[in-house]
Amino acid sequence: MRDLLLSKASTLMVLLMLGSSLVLAQRNFTVSGYIKEKSSGESLIGATLSAGGTLGTSSNEYGFYSLSLPPGNYRLVFNYLGFTSFEQIIDLNANLTLNVDMVATATDLQEVVINASPKNEQVQSTEMGNKTIAIATVKKLPAVIGEPDVLRAIQLLPGVSNTNEAASGFNVRGGGADQNLILLDEATIYNATHLFGLFSVFNADAIKDVKLYKGGIPATYGGRLSSVLDVRQREGNNREFKGEAGIGLISSRLLVEAPFARKPNGEGRGSFMLAGRRSYLDLFTKLSKSFRDNKLYFYDLNLKSNFALNENNRLYLSGYFGRDNFKLPSLVAAQWGNASGTLRWTSNWGKKLFFQTSAIASRYDYNLDNLRSGYEFSWKSDIANFNLRPRATWYVNAKNTIKFGADALAYTFRPGQISPLNNSPIRTKTFAENRAFELGLYLDNEQKISSSLAIQYGLRWSNFFRLGAEYIRQYELGAPLRFDALQNLYFRNAQTGLKAYKNNEVISQNNALEPRFSLRYLLNERNSIKLGYNKMYQYIHLISNTTSPTPLDIWTPSGPYISPQNADQLALGYFTNTANNAYEISFEVYFKDINNLTDFVDGADLLFNENIEAQVAKGNGRAYGAELQINKNVGKLTGWLSYTLSRSQGKIPGVNNGNWYATNSDQLHQLNLVGFYKLSKRWDLGGNFIFGSGRPVTYPSGKYTSNGLVVADFSLRNGGRLPAYHRLDLSATLHPKASAKRQGEWVFSVINVYNRLNAASIFFREISEVGDLEIATGTTEAVKTAFFPIIPSVSYNFKF
Amino acid sequence: MFFFIQIDLKLLQWVSTAVLFTTLFFTTLGCEKVVTDDLNIGQSESRLVIEGGIERNPSRPQQVQRIRLSQTIPYLSKERAQAVTTALVSVSDGTQSWKFQHTSNGWYEVEGIIPTVNQTFKLTILWKGDTYQGQSQVLAVPQIDSLYYAYEAETSITDEGYFVRLDIQDPPGIANYYFFRVLVNDTVFVVPDRGNNRTLVLSDAFFDGKRSTRVNPNEEVRIKLGDKVTVQQLGIPRGYFDYLYQLFTQTGNQGLSVVGNPPPAPIRSNVFNTTRPTQYPVGYFYAADVNEKSIIIK
């Protein structure tokens, strides 16, 4: 039945696409080419091209565009916000290649441009629920200890939040931090933060563009329920050698970029960008006697290079390597980090077909050494994948753009390997390796139906295979756990044996159709209504029962006992631009329904536990909300206001007596005000104000004594609320004099200007210290923790 | 202001430390404030609390078996827990049964039980029209091979002072769960601490059949010259290990929500209310095999 449905749906879609293209197949010619930034040769993503009326297109991730038009004279206008429009009149009577170099708007206009979306783009595009943040905006925001942070910047967008200010990861539209697909040049980043969540792994210098999909996720992406964060690295200057460096309180950065294989005109056939960053907290600790042997630092390296094989073919190589290192002598030591590499080939075949294929390797691993005397051991764990992503974009005609391709991922999960240190009695043991293969096949068409109606529709067929060799534990009643509704409690089922699967033998298999649809109806040139629906499947699960992910959380594949999670999202939006595009306003409402939400039984111990399936509970989730964003894009004062009204709830047997409860990411109101002000030629000011209503907290329902300690009893999950959160951050940037020899700038930031100690949590404990004496007093108290007091910082950046 | 006092292997501890460590360096980041008086968190309902069990301790053959019953009270209450004095308490091993007598303040005692290894005890409590039942099995514990002490220098987790250490030979091929009780001058010593869930309870999952040396049964214990220190090593069933692990994690949790903070959840008992299941009790009824050794610090 399901297969029949699938074949019918795909046939219908193919017919629809072909039909529309054949009907419109008159004798057209194509104008195509690459859009680049003139000074550096960086390709511009999402630059628009208008040929009059609704005829138009925009450049893809590689700056390529293609537009087929009936023969005739056209005035082509290329736009990219922050850049001077480029116009050219063409007489189209044959296919035409037109490469465009655009020039950034001169800065002495005293205007700051914050958003990379071109004129009326948000109104006219079929996209909804997504947002691009320019890296220049990220760098202008007040930064914690002076580190510009992509992940903190996206949390200023509506619908994006965090469980607390020092938590790693982010939550999109009420989803968990594990439901975000984070891609760096297409490679999956499994843990996107350094120093336990304080900073993101993205070195702002090396990043070109950040795009977040909260909804309306196109069929080209899959694998996570809530969002896609698509981060692209800079390609490197292919006109001249350039360098930049930054010195901050906690870390320093260095970036070099240059062309190579120069052509006679000085332009490189290729270019590269190499960036590094290292924190140097440990250098200070060396000065202190008591901290001398402590370690805590991170570093990362970013590389990107591209090379034009010829006019139509280009190779890209990009890589990332990041590491955190931590040690407390005679106690614990740990290292962790991501590594990824992407090799990509892009090619335009003819004028209308753009082909790209990427081979990607990505890995996250950690190592943990327990240095406590008696049971010293070393623990290792990692997840690795190889990913092949061929995709073709077919610019069929001015009205249809078809994308199709495959996304094949081969995973290896190594949950853990333990080995003794210092001759401790710990035995060497390796937890069974899990292997899986995920294949997504997709087809997507962006179609302009009339001058006011455009739709984008696609279908992703996702498949997940858990593969041998592995011994799978077998249980009584066919499952590791049974839920006793009477006692409201999970009980373990006895293990009855092991079933052996041979190498590459399919242990379990899932497949699903994921329809994606969005519609844009233009009320007029400046107003539109959009409707979006997407279904998402997530086949891998983060094994974490904390409020935010930790470096020691491991991922586990779906299999015989853990089902894939899935979500339906429906969204409706209104978009308008006013005052000659000075203001962009968007308003969206959404509803999300999540099935097979993975959660964990109460008291689950997930670290060093091979038998994860016996800790997993599953349930349902739902989230709904309204988001408003008002951008002011031009002028001396720019910025945005975003407001979110939302709910996020879960319902899991055994939790909260089986009733709906607020999830950790639930927050009713969230208001962000972000502003930038161009004070003078040399001074730029920035600021943001954040207000959020209280997040949920679980209050104890009683207490008792057991084994000499006071224990809390709980009945309702997340039944209480923390106090409301609000914070003001300010920044100021001093640019160099235009005549200055060294192009250096000073960035000053103050986080939490009025030093409000916002509650990150409220917890409950037995008072265990009287003076210097540690003692179980039997007396209990409630304690609020807060993380960021007022934090001033300064950093110096210069170019060479 | 908080600072790291006690750190354990578990992520929770070192993560919080690290975050503090990072941030303390630059700012006075990370702050705690007692807000007991700002909160109003009553109590939804009171539950029966069961604490105690059957211990087989060859060093104390005439041991009285004791169980304490009380009721939960609101978390921020300054009162003492209210004892339950009117319950009928009995245990049975399937062939014989023993009635407990209430002595005082919620303590119920019985003499004459001589537990044997592998014997299963079933507890029945009748109180206010509800029947509560639970059971536990005595599982053999190996001997403490040797108990010794030394004066140790300060480390990141302990002050300088006397510490007792022990050596154990774990029996091969059996899943063993250990619980250590340290008595100083015959009084059990315990404080809420982050390290408790890795120190006071141990699973042999990663050292099955091996000999462990220099095991510290309680890192918090303070010992002076002249003290008598007794270490009891309890062999406990997996269910009780899981219970204690949760209990020590929760009571040692310093609430840092940075990371490593599992959602607060009730720690469920192995005793159930068979009359009204939703009115479940808390606490635990355990059976344990106990091996103990004592030493005088000289």
Side-chain angles (χ1 to χ4, degrees), chain A residues 145 164 166 195-196 249 281 284 296 326 328 330-332 370 372-374 418 425-427 486-487 489 545-548 550 552 602-603 605 698-706 708-709 711-715 757 760-761 763-764 766 768 774-776 780-787 789 791, chain B residues 7 9 11 14-15 18-19 21-22 25-36 39 41 43-44 47 49 51 72-76 81 155-157 188 190-192 206-207 210-212 214-215 220 245-247 251 255-262 264-268 272 277 282-283:
Chain A
I145 324 183
N164 72 58
L195 299 184
F196 314 102
L249 289 180
L281 189 62
F284 295 102
L296 179 64
F326 171 68
L328 287 173
S330 74
L331 201 64
V332 68
N370 174 29
R372 286 165 63 120
S373 107
I418 192 168
I426 299 293
R427 289 177 183 276
L486 195 64
Q487 302 295 349
L489 197 55
N545 64 350
T546 56
T547 47
S548 66
T550 79
L552 303 196
D602 283 345
D605 183 24
T698 302
Y699 289 150
S701 56
K703 69 174 169 184
Y704 58 99
T705 304
S706 180
L709 301 173
V711 189
D713 185 31
F714 296 95
S715 62
L757 294 178
S761 75
F763 70 100
F764 300 85
E766 177 178 2
S768 60
E774 283 184 58
I775 186 168
T780 45
E781 64 183 4
V783 181
K784 176 180 97 170
T785 54
F787 289 107
I791 310 175
Chain B
I7 310 117
L9 157 73
L11 178 79
W14 59 262
V15 158
V19 168
F21 182 69
T22 322
F25 225 87
F26 296 100
T27 63
T28 50
L29 200 127
C31 183
E32 277 189 1
K33 191 181 169 218
V34 173
V35 291
T36 310
L39 290 183
I41 53 163
Q43 183 183 25
S44 44
R47 297 189 188 281
V49 184
E51 197 194 355
T72 60
I73 54 170
Y75 192 85
L76 294 176
T155 70
S156 328
I157 46 168
V188 175
V190 63
V191 291
F206 294 119
F207 59 89
K210 295 272 241 178
R211 184 179 162 79
S212 302
R214 298 182 45 74
V215 175
E220 296 308 301
Y245 184 84
Q246 287 182 60
L247 184 140
T251 54
L256 292 170
S257 66
V258 196
V259 274
N261 193 8
I267 307 174
R268 292 292 297 267
F272 298 95
V282 291

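Convention: sequence-line order gives letters A, B, ...; per-chain numbering from 1. Scope of the values below: all heavy atoms of this structure, side chains included, with no hydrogens, waters or symmetry mates.
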Examine whether an atom of B/Arg211 lies under 4.5 Å from a heavy atom of chain A, and if so say whether it belongs to the side chain, the backbone or both; otherwise answer neither.
backbone
Would you mind reporting whether A/Val711 and B/Val282 have side-chain heavy atoms less than 4.5 Å apart?
no
Working to the nearest 0.5 Å, report the span between CD1 of B/Ile41 and OG1 of A/Thr698.
11.0 Å
Do you know the tightest heavy-atom contact between A/Pro425 and B/Phe207?
O-CB, 3.5 Å
Check whether any side-chain N or O of A/Thr780 sits under 3.5 Å from a backbone N or O of B/Tyr75 as a donor-acceptor pair, and report yes or no.
yes
Which heavy atom in B/Pro266 sits nearest to a heavy atom in A/Asp602, and how many Å separate them?
CD-OD2, 4.0 Å
Which portion of B/Val35 sits near chain A, non-hydrogen atoms under 4.5 angstrom:
both
Spacing of B/Arg47 atom CZ and A/Ser715 atom OG [to the nearest 0.5 Å]:
6.5 Å
Please look at A/Leu757 and chain B and tell me whether the side chain, the backbone, both or neither of the residue comes under 4.5 angstrom of a heavy atom of that chain.
side chain
Provide the closest heavy-atom pair for A/Gln487 versus B/Arg268 in the form atom of the first, atom of the second, distance.
O-NH2, 2.9 Å
Approximate separation, where rounding is to 0.5 Å, of B/Thr251 OG1 and A/Leu709 CG:
4.5 Å
Heavy-atom cut-off 4.5 Å, strictly under: side chain, backbone, both or neither for B/Leu247 against chain A?
side chain
Here the pair of heavy atoms bringing B/Val191 nearest to A/Ala776 is CG1-N, 3.6 Å
Please flag which part of B/Val215 lies under 4.5 Å from any non-hydrogen atom of chain A: side chain, backbone, both or neither.
side chain
Nearest 0.5 Å, please: how far is CD1 in B/Ile267 from OH in A/Tyr704?
5.0 Å
Quick one: what part of A/Leu486 sits under 4.5 Å from any heavy atom of chain B, side chain, backbone, both or neither?
both
Residue A/Phe764 versus chain B: region with a heavy atom under 4.5 Å:
both
Closest non-hydrogen atoms of B/Leu39 and A/Ala782, given as atom of the first, atom of the second and distance, are CD1-CB, 3.5 Å
